[in-house]
> 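The structure follows.
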2 protein chains.
Amino acid sequence: MAAQRGRAGGPDADNAPTAEMPAVPAGAEVVRSRAAIPEAAVARLAVYLRVLSAMAEQGATTVSSEELSSAAGVNSAKLRKDLSYLGSYGTRGVGYEVSVLVGQIERTLGLTRQHRVAVVGIGNLGHALANYGGFPGRGFPVEALFDLDPDLIGVPVGGLPVSHVDDIPKVCAERQISIGVIATPPTAAQSVCDRLVAGGVQCILNFAPVVLQVPGHVEVRKVDLAVELQILSFHVARRADHVNNGSLELDGAGGNGVVVR
Amino acid sequence: MAAQRGRAGGPDADNAPTAEMPAVPAGAEVVRSRAAIPEAAVARLAVYLRVLSAMAEQGATTVSSEELSSAAGVNSAKLRKDLSYLGSYGTRGVGYEVSVLVGQIERTLGLTRQHRVAVVGIGNLGHALANYGGFPGRGFPVEALFDLDPDLIGVPVGGLPVSHVDDIPKVCAERQISIGVIATPPTAAQSVCDRLVAGGVQCILNFAPVVLQVPGHVEVRKVDLAVELQILSFHVARRADHVNNGSLELDGAGGNGVVVR
DNA sequence: TCATGTGAATTGGTTCACAGCA
DNA sequence: TGCTGTGAACCAATTCACATGA
């Protein structure tokens with residue numbers, strides 16, 4: 001049933017074989033295939049990639065860990081550690097070549113492949129998603145749309161006609177969809193999910209506020225507005241409590257902002 | 001500059017006076033602000049809350065950690081640990097009373113307060129958000145909408161007229177907005193963010209693919225479609241690699257699916 | 001007897017601090 | 001001289017396993 005990977009750093013960690021760590025030879029066997037990049041680092045790599053792309057557009061050819069990390073909102077040690085999972089592509093005393101990093105991150109994230117996307121549920125959100133048109137920075141073309149509403153079937157949205165949810169398995173298989181996006185009401189989500197899985201979809205991005213049950217080989221990520229808002233609510237409440245309790249020291253020495261430390 | 005709290009278990013930890021573990025003995029009105037619930041647990045509490053609400057609607061009055069955890073897609077040990085941060089509200093040998101749990105989680109997440117929301121950027125996504133109408137399960141009423149487009153100003157969306165982004169500080173202050181939702185194109189996001197902060201907003205939910213810079217007292221959470229898709233892409237690629245490498249042992253003993261372990 | 005609640009062990013992730021190299 | 005790359009130390013989160021109490 002594969003637990004959701006949602007929000008906060010899903011654990012999961014399939015016994016991923018660890019690094020071919022250059023040094024390793026020591027003992028004996030060990031080693032396996034590729035390197036186990038921590039889940040948390042993967043998420044950040046995607047952010048670095050975006051920042052780097054922006055920098056490249058501005059004509060930058062080189063960046064230091066300091067520059068890149070501050071643009072990405074992390075500290076430089078973490079950035080360097082994250083990049084080290086890719087291998088050693090920096091130049092000591094200098095920094096990283098932007099184009100090299102972009103290439104390596106893309107390769108690592110599997111962005112050299114195409115990942116065909118289907119969107120299910122063409123309501124407000126589904127519309128928004130369908131109109132993203134080719135999704136973020138290409139590589140994720142939307143190739144199928146589905147809904148239940150007879151009035152929508154056949155209507156083109158973002159240039160693509162809507163199909164009926166009953167056809168999900170067939171259409172997904174035909175069009176080799178690898179990522180299914182669920183933007184339906186919660187009640188429909190599980191059955192849609194089952195059909196996507198039947199259609200051979202490997203990953204699901206779920207916007208519906210339900211915990212999906214999927215077979216172990218399917219990867220699920222959840223985007224949950226209510227959860228996000230409630231987490232923010234928690235922080236507001238906590239802050240308010242602190243103030244009430246008079247323990248508003250909070251930023252003790254030097255009154256720096258926060259985070260920093 | 002407060003790092004983003006985004007995706008995978010934002011660390012960050014504003015120097016939150018962690019574990020001020022109630023040295024406060026058995027004494028009196030324990031409860032109080034209760035210290036340091038791990039960020040990761042907070043996100044899950046929101047999920048438990050939803051599951052519990054659904055159960056309550058179905059008439060359930062009691063639930064065991066086993067039932068609740070499987071419905072929420074986590075293991076029961078984690079669930080019990082999470083609930084223990086709230087205090088001891090279960091009955092050994094029996095389980096938890098649904099209504100008590102709902103109440104405690106709501107209290108902990110600060111859902112007894114109202115959190116007025118503003119949505120900035122009334123495009124496809126902004127429309128979708130505005131029409132959520134009162135956001136997830138009330139408690140998060142949308143009280144202001146903003147856009148740049150003159151054709152939109154004054155037009156009601158989801159029953160609320162759109163104001164101009166220049167008025168963000170004034171309107172947010174007037175209407176006591178505590179949560180700002182940014183659904184603008186990336187280029188506009190930082191300036192919108194600055195205005196929200198000027199308007200006294202305490203939390204920001206950012207859908208724009210940029211890393212926002214905010215003062216330390218403002219909490220930011222990011223929902224980033226591109227990042228989500230790229231993480232999924234990574235997993236697809238990794239899986240493909242494993243197969244190619246013939247190291248598809250992966251599930252050594254017993255050939256269970258994956259994830260599980 | 002059974003399921004909660006929780007210390008202790010473990011695992012995963014972050015940060016430090018410095019060796020190594022252009 | 002810098003800045004990368006990385007062991008080691010540290011801290012957070014998860015899981016284990018069992019004492020506890022209805």
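The chains referred to below are lettered A, B, ... by the order of the sequence lines, with proteins before strands, and numbering in each begins at 1.
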> Establish, with yes or no, whether the OP1 or OP2 oxygen of dT15(D) is under 4.0 angstrom from a side-chain nitrogen or oxygen of N75(B).
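Answer yes for this pair, as a side-chain N or O of N75(B) is under 4.0 Å from OP1 or OP2.
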
> From CD of E97(A) over to P of dC3(D), roughly how many Å is that when rounded to an integer?
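To the nearest whole Å, that distance equals 17 Å.
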
> Hey, does the side chain of Y89(B) come within less than 4.0 Å of dA3(C)'s phosphate (OP1/OP2), counting only N and O?
no

> Nearest whole angstrom, please: distance from the P of dA12(D) to the CD1 of I37(B).
15 Å

> Going by heavy atoms in the side chains, are R221(B) and I231(A) under 4.5 Å from each other?
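When only atoms from C-beta onward are counted, I231(A) and R221(B) do touch, with a gap below 4.5 Å.
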
> What pairs with R113(A) under side-chain contact (heavy atoms from CB on, under 4.5 Å), at least two apart in sequence or on another chain?
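With sequence neighbours excluded, R113(A) shows a side-chain contact (heavy atoms from CB on, under 4.5 Å) to H115(A), A237(B), A240(B), given in chain and number order.
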
> Between P on dA12(D) and CD on E39(B), what's the gap in Å once rounded to a whole number?
13 Å

> Choose from dA8(C), dA8(D), dA13(D) the nucleotide whose nearest atom is closest to any side-chain atom of K81(A).
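Closest of the options to the side chain of K81(A): dA8(D).
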
> Can you tell if the side chain of L86(A) reaches within under 4.5 Å of the side chain of L45(A), non-hydrogen atoms only?
yes

> Please tell me which of the listed nucleotides, dT14(C), dT14(D), dT4(C), lies nearest to the side chain of K78(B)?
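That would be dT14(D).
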
> Could you list the protein-to-nucleotides 18-22 of chain D atom pairs, N/O on both sides, closer than 3.5 Å?
{"unit_1": "dT20(D)", "atom_1": "O2", "unit_2": "R92(B)", "atom_2": "NH1", "d": "2.4"}

> I need the full list of salt bridge (Lys or Arg N to Asp or Glu O under 4.0 Å) pairs touching residues 50-70 of chain B, with sequence neighbours left out, sorted by first then second residue.
D224(A)-R50(B)

> With a 3.5 Å distance limit and no angle check, can you tell me whether N206(A) reaches the backbone of V210(A) through a side-chain donor-acceptor pair?
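Yes.
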
> Who are the side-chain contact (heavy atoms from CB on, under 4.5 Å) partners of Q190(B), not counting sequence neighbours?
C193(B), D194(B), L212(B), Q213(B)

> Tell me which residues in residues 57-66 of chain A put a heavy atom below 4.0 Å from DNA chain D, sorted by number, or none.
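Residues of residues 57-66 of chain A under 4.0 Å from DNA chain D: S64(A), S65(A).
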
> Using the salt bridge (charged side-chain N to carboxylate O under 4.0 Å, His left out) criterion, which residues pair with R80(B)? Sequence neighbours excluded.
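For R80(B) there are no salt bridge (charged side-chain N to carboxylate O under 4.0 Å, His left out) partners, ignoring immediate neighbours.
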
> Which nucleotide sits closest to the side chain of P38(B): dT6(D), dT14(C), dA13(D)?
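Selected nucleotide: dA13(D).
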
> Quick one: does S233(B)'s side chain have a donor or acceptor within less than 3.5 Å of a partner on L109(A)'s backbone?
yes

